[in-house]
Amino acid sequence: MALEVGTPAPDFTSRISDSEPPITLESFKGKWVVLYFYPKDDTSGCTAEACDFRDNMERITAKNTVVIGVSPNDMKAHGKFTEKYNLNFLLLPDTETTICTNYDVWKEKSMYGRKYMGVERTTYVIDGEGIIRHVFPKVKVPGHVDAVLKTLDELQSA
């Protein structure tokens with residue numbers, strides 16, 4: 001079950017490169033955060049979702065909002081994915097699945113009868129004080145970014 005709306009979002013620490021300082025949720029205090037979890041870099045659904053965020057970044061940043069993608073891929077994979085698709089937001093590696101576990105998106109999945117652990121595509125909208133304001137569980141990629149933008153509009157005008 002996803003974390004509940006109205007509760008503090010778990011802080012996290014991750015690095016986008018060895019030469020950059022660590023990224024934490026706390027470092028975005030005062031901004032809204034769209035924290036989205038996806039299974040794997042450079043796969044069809046994950047690429048479509050990332051490119052949709054990329055293509056709508058101007059609309060998102062106009063709402064004092066940052067986008068952060070999280071997957072179990074490592075820094076190198078994220079770097080290649082970011083470069084290949086010219087992504088204009090942060091991708092955080094979670095190779096130990098700590099962030100995924102803390103946000104309750106690391107789940108048992110099944111494909112062709114085989115069970116395995118993986119990321120359940122989920123998006124959290126977090127306000128500038130670090131409080132979860134909306135959860136999109138089991139995300140379907142088509143139309144998702146538009147739904148996130150609509151939700152941001154509703155939450156920020158309330």
Side-chain angles (χ1 to χ4, degrees), residues 1-7 9-10 12 14 16 23 25 28 31-95 97 99-128 130-158:
M1 169 131 171
L3 299 174
E4 291 189 29
V5 170
T7 62
F12 54 78
S14 186
I16 57 170
I23 304 291
L25 180 60
F28 296 100
K31 288 190 173 285
W32 286 72
V33 175
V34 172
L35 185 65
Y36 85 96
F37 292 87
Y38 65 100
K40 190 172 181 188
D41 291 339
D42 215 4
T43 57
S44 60
C46 298
T47 298
E49 186 176 24
C51 289
D52 204 7
F53 276 118
R54 176 200 65 202
D55 295 345
N56 285 283
M57 195 52 57
E58 192 173 305
R59 293 170 62 202
I60 294 167
T61 57
K63 299 177 187 316
N64 191 35
T65 302
V66 298
V67 173
I68 302 171
V70 179
S71 85
N73 292 109
D74 62 20
M75 280 187 254
K76 186 176 179 181
H78 281 338
K80 286 180 181 178
F81 188 45
T82 297
E83 189 173 319
K84 182 175 182 179
Y85 293 101
N86 197 28
L87 301 180
N88 50 4
F89 54 88
L90 293 173
L91 294 180
L92 300 183
D94 188 25
T95 56
T97 68
I99 303 170
C100 292
T101 300
N102 288 343
Y103 277 84
D104 199 28
V105 301
W106 189 245
K107 305 279 189 178
E108 183 176 80
K109 299 171 95 177
S110 180
M111 186 184 301
Y112 307 119
R114 185 179 69 88
K115 294 195 180 304
Y116 64 97
M117 295 301 289
V119 173
E120 183 173 272
R121 193 182 303 274
T122 305
T123 300
Y124 287 90
V125 178
I126 302 165
D127 72 14
I131 304 298
I132 296 168
R133 293 299 172 197
H134 194 88
V135 181
F136 294 90
K138 298 181 182 176
V139 167
K140 302 292 183 231
V141 173
H144 178 58
V145 173
D146 286 334
V148 169
L149 282 159
K150 182 176 185 246
T151 298
L152 282 166
D153 281 342
E154 291 167 358
L155 289 168
Q156 291 179 353
S157 66

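Because the structure is a prediction, the values reported are computed rather than measured.
With sequence neighbours excluded, the residues that form a ring-ring contact (aromatic ring centres under 6.0 Å, His included) with Phe81 are Tyr85. With sequence neighbours left out, the salt bridge (Lys or Arg N to Asp or Glu O under 4.0 Å) criterion links Glu120 to no other residue. Residues that satisfy the side chain to side chain donor-acceptor pair (under 3.5 Å) test with Asp127, not counting sequence neighbours, are Arg133. With sequence neighbours left out, Asp42 forms a salt bridge (Lys or Arg N to Asp or Glu O under 4.0 Å) with Lys84. Residues that satisfy the side chain to side chain donor-acceptor pair (under 3.5 Å) test with Tyr36, not counting sequence neighbours, are absent from this structure. Residues forming a ring-ring contact (aromatic ring centres under 6.0 Å, His included) with His134 (at least two apart in sequence, or on another chain): Phe136. Arg54 is linked by a salt bridge (Lys or Arg N to Asp or Glu O under 4.0 Å) to nothing, counting only residues two or more places apart in sequence or in another chain. Partners of Asn102 according to the side chain to side chain donor-acceptor pair (under 3.5 Å) rule, which considers only residues two or more places apart in sequence or in another chain, do not exist here. Looking at residues two or more places apart in sequence or on another chain, you find a side chain to side chain donor-acceptor pair (under 3.5 Å) between Lys150 and Glu154.
Inter-residue side-chain proximity for Pro72 and Asp94 is flagged as unmet; no heavy-atom pair is nearer than 4.5 Å. Counting only heavy atoms from C-beta outward, the side chains of Ser71 and Asp41 approach each other to under 4.5 Å. A 4.5 Å side-chain heavy-atom check between Val125 and Ile132 finds every atom pair outside the cut-off.
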Counting only pairs under 3.5 Å, give me each side-chain donor-acceptor contact of residues 110-117, with atom names and distances, residues two or more places apart or in other chains.
none

Show every donor-acceptor pair shorter than 3.5 Å between a side-chain atom in residues 140-147 and any protein atom, with sequence neighbours excluded, or say none if there are none.
from, atom 1, to, atom 2, distance (Å)
His144, NE2, Thr123, OG1, 2.8

*Given the rule in the side chain to side chain contact (heavy atoms under 4.5 Å, CB included) test, do Thr61 and Phe89 qualify, once you have shown the distances and angles that lead to the verdict?*
CA-CA 10 Å; Thr61 57; Phe89 54 88; over 6 Å; no

_Chi angles and distances behind the side chain to side chain contact (heavy atoms under 4.5 Å, CB included) call for Val34, Ile68_ = CA-CA 6 Å; Val34 172; Ile68 302 171; over 6 Å; no

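Under the 30°/60° scheme for interplanar angles, the aromatic rings of Tyr38 and His78 are found to be tilted.
In terms of heavy-atom proximity, Ser14 sits nearest to Leu92 at OG-CB, 3.8 Å. Considering all non-hydrogen atoms of both residues, Leu87 and Cys51 come closest at CD2-N, 4.4 Å. The nearest pair of heavy atoms linking Asn73 to Pro39 is OD1-O, 4.2 Å.
Sorted by first then second residue, the salt bridge (Lys or Arg N to Asp or Glu O under 4.0 Å) pairs that include residues 61-82, not counting sequence neighbours, are Lys63-Asp153.
Distance CG/Leu149 to OG1/Thr65: 8.5 Å, rounded to 0.5 Å.
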